[in-house]
**Student:** 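Provided herewith is a single structure, encoded as structure tokens, for subsequent inquiry.
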Protein chains: 2
Amino acid sequence: MTQDRIDLDVSVGYALKHAAAALRTSMDAALRPLDLNVSQYSCLEVLGHRPGLSVAELARATFVTRQSMHTVLQGLQDRGLLSRPASVPSGRALPTRLTPDGTHLLTRASAAVAEVEASMLRDLSAAARVRLHGDLVACTSALVEG
Amino acid sequence: MTQDRIDLDVSVGYALKHAAAALRTSMDAALRPLDLNVSQYSCLEVLGHRPGLSVAELARATFVTRQSMHTVLQGLQDRGLLSRPASVPSGRALPTRLTPDGTHLLTRASAAVAEVEASMLRDLSAAARVRLHGDLVACTSALVEG
DNA sequence: TGCGTCATGTCAGGAGTCTGACATAAAGTC
DNA sequence: GACTTTATGTCAGACTCCTGACATGACGCA
């Protein structure tokens with residue numbers, strides 16, 4: 001047992017929550033001019049890197065349920081930003097792909113988010129950024145593995 | 001300009017979001033036996049450290065709107081975990097305090113969350129934990145300041 | 001072939017949080 | 001004193017995300 005009481009001033013969990021909240025707020029503000037929220041952007045970004053993902057795969061990649069991703073996809077599809085076949089010759093998973101409009105909007109959104117991320121990391125050296133990334137991945141792995 | 005495109009494999013923002021999502025999931029699971037969600041626990045924890053805070057102050061401390069905190073407080077008050085005067089001699093802010101029941105539940109909840117945090121940090125040295133905390137605070141400051 | 005298990009897509013309902021709005025109280029300004 | 005600004009508490013509505021549920025298709029196994 002390391003400790004059985006939380007001290008907010010030194011709690012990594014509290015700092016993590018605070019940082020994530022601040023990042024979300026900044027991303028929301030940066031994406032608002034493009035009429036995108038963070039969930040919609042996350043969906044587009046992942047899809048840009050890995051075209052053809054199904055709803056369930058997208059949901060796992062963006063840390064939401066597939067039900068939530070379903071409604072997000074419907075909205076983006078209605079706006080013509082992505083396309084999905086009504087059926088596939090084999091299997092049940094429906095591969096999703098960005099349309100040209102979706103790709104164009106993603107380019108602008110990705111640039112806006114990159115600015116936010118650069119702003120967030122402006123006081124950290126390149127080495128510190130790599131280290132921070134590694135520490136966060138280690139924390140995530142430790143939590144997921146139980 | 002550091003970069004104008006996001007690479008998810010090395011994105012600190014993505015790793016931060018992932019870690020925060022995993023932490024929230026683990027905390028939810030740890031708090032469920034106590035019939036508390038993360039928002040309710042956060043409220044109790046902050047109140048344990050800083051008794052007498054108002055709704056607006058609690059909201060800022062837990063990174064939600066004061067409207068959201070208002071409903072959280074109502075639920076906790078209905079369960080007899082905290083008390084709030086109907087009015088105060090001066091000013092508008094109503095100071096909130098934990099009841100004995102609230103203090104007792106917080107003790108158990110805090111221990112459960114401390115276990116989750118210890119699990120999250122199990123692969124990091126004491127020095128690395130301090131460093132990670134500092135880096136997260138730096139990121140938050142950079143985002144808030146713009 | 002038949003059956004059990006698993007993953008997927010989707011619908012329905014509910015819980016939580018947000019934005020917008022309004023009234024009230026303190027503090028500063030003229 | 002009168003006004004503006006700021007902060008607070010609260011209500012209402014909308015949005016997002018969740019849990020629960022069901023049907024469908026792929027796969028493993030007897």
Side-chain angles (χ1 to χ4, degrees), chain A residues 17-18 20-29 31-32 35-44 47 50 52-79 82-97, chain B residues 17-18 20-29 31-32 35-44 47 50 52-79 82-97:
Chain A
K17 186 177 174 182
H18 196 175
L23 176 59
R24 187 176 188 88
T25 298
S26 295
M27 285 179 63
D28 259 321
L31 292 170
R32 192 164 304 128
D35 200 22
L36 287 176
N37 61 30
V38 175
S39 294
Q40 293 169 325
Y41 158 74
S42 299
C43 175
L44 294 179
L47 218 42
R50 303 168 60 193
L53 256 54
S54 68
V55 177
E57 290 169 321
L58 280 169
R60 283 190 291 269
T62 57
F63 323 121
V64 296
T65 62
R66 63 188 198 278
Q67 293 91 329
S68 300
M69 180 54 63
H70 180 66
T71 62
V72 170
L73 275 191
Q74 280 186 326
L76 294 174
Q77 193 167 3
D78 289 346
R79 286 166 64 179
L82 50 84
S83 64
R84 221 162 32 131
S87 65
V88 286
S90 175
R92 259 209 110 191
L94 303 177
T96 310
R97 294 181 182 282
Chain B
K17 185 177 175 182
H18 196 176
L23 176 60
R24 186 174 189 90
T25 299
S26 294
M27 284 179 64
D28 259 322
L31 292 169
R32 191 163 304 126
D35 201 21
L36 287 175
N37 61 30
V38 175
S39 295
Q40 293 169 326
Y41 158 73
S42 299
C43 175
L44 294 178
L47 218 41
R50 302 167 62 191
L53 256 53
S54 67
V55 176
E57 290 168 321
L58 279 169
R60 282 191 292 269
T62 56
F63 324 119
V64 297
T65 62
R66 65 187 195 279
Q67 292 91 329
S68 300
M69 181 52 64
H70 180 66
T71 62
V72 171
L73 275 191
Q74 280 187 326
L76 294 175
Q77 194 167 4
D78 290 347
R79 286 167 63 178
L82 50 84
S83 63
R84 220 163 32 133
S87 66
V88 286
S90 174
R92 260 207 109 193
L94 303 177
T96 310
R97 294 182 183 281

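Note that this is a predicted model, so its numbers are computed, not measured.
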**Student:** Between Leu94(A) (CG) and dG9(C) (P), how many Å, whole number?
**Tutor:**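 From Leu94(A) CG to dG9(C) P: 6 Å.
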**Student:** On DNA chain C, check which nucleotide each of Arg32(A) and Arg60(A) is closest to and give me the residue with the more 5' one.
**Tutor:**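 On the 5' side of the pair lies Arg60(A).
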**Student:** Taking CG from Asp28(A) and C1' from dT19(C), how many angstroms apart are they, rounded to a whole number?
**Tutor:**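 So the two atoms are 12 Å apart, to the nearest Å.
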**Student:** Quick one: list whatever passes side chain to side chain contact (heavy atoms under 4.5 Å, CB included) with Ser83(A), sequence neighbours left out.
**Tutor:**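 Applying side chain to side chain contact (heavy atoms under 4.5 Å, CB included) to Ser83(A) gives Arg97(A), Thr99(A).
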**Student:** In sequence, state the C-alpha distance, the side-chain angles, and the governing distance for Val38(A) and Leu23(A), and then conclude on side-chain contact (heavy atoms from CB on, under 4.5 Å).
**Tutor:** CA-CA 10 Å; Val38(A) 175; Leu23(A) 176 59; over 6 Å; no
**Student:** Using the test side chain to side chain contact (heavy atoms under 4.5 Å, CB included), find all partners of Thr62(A) that sit at least two apart in sequence or belong to another chain.
**Tutor:**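 Expected list: Ser42(A), Val46(A), Val64(A), Met69(A).
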**Student:** Name all residues meeting the side-chain hydrogen bond (donor to acceptor under 3.5 Å, both in side chains) criterion together with Ser39(A); count only those two or more places apart in sequence or in a different chain, and write none if there are none.
**Tutor:**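 Ser39(A) satisfies side-chain hydrogen bond (donor to acceptor under 3.5 Å, both in side chains) with no other residue.
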**Student:** Using the side-chain hydrogen bond (donor to acceptor under 3.5 Å, both in side chains) rule, collect all pairs that involve residues 20-29 of chain A, keeping only residues at least two apart or in two chains.
**Tutor:**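 Those involving residues 20-29 of chain A do not exist here.
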**Student:** Nucleotides 11-16 of chain C: which of its N/O atoms have a protein N/O under 3.5 Å away?
**Tutor:**
| residue | atom | partner | partner atom | Å |
| --- | --- | --- | --- | --- |
| dG16(C) | OP1 | Asn37(B) | ND2 | 3.3 |

**Student:** Can you name the side chain to side chain contact (heavy atoms under 4.5 Å, CB included) partners of Arg50(A), sequence neighbours left out?
**Tutor:**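 With neighbours one apart ignored, the set is Leu53(A), Ala61(A).
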**Student:** Please enumerate all residues that pass side-chain hydrogen bond (donor to acceptor under 3.5 Å, both in side chains) together with Glu57(A), with sequence neighbours excluded.
**Tutor:**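 Ser54(A).
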**Student:** With heavy atoms of chain A within less than 4.0 Å as the criterion, where does contact along DNA chain D begin and end?
**Tutor:**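 Here the contact window of chain A covers dT16(D) to dA26(D).
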**Student:** Taking side chain to side chain contact (heavy atoms under 4.5 Å, CB included) as the test, write out the residues that go with Gln74(B), two or more places apart.
**Tutor:**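 With sequence neighbours excluded, Gln74(B) shows a side chain to side chain contact (heavy atoms under 4.5 Å, CB included) to His70(B), given in chain and number order.
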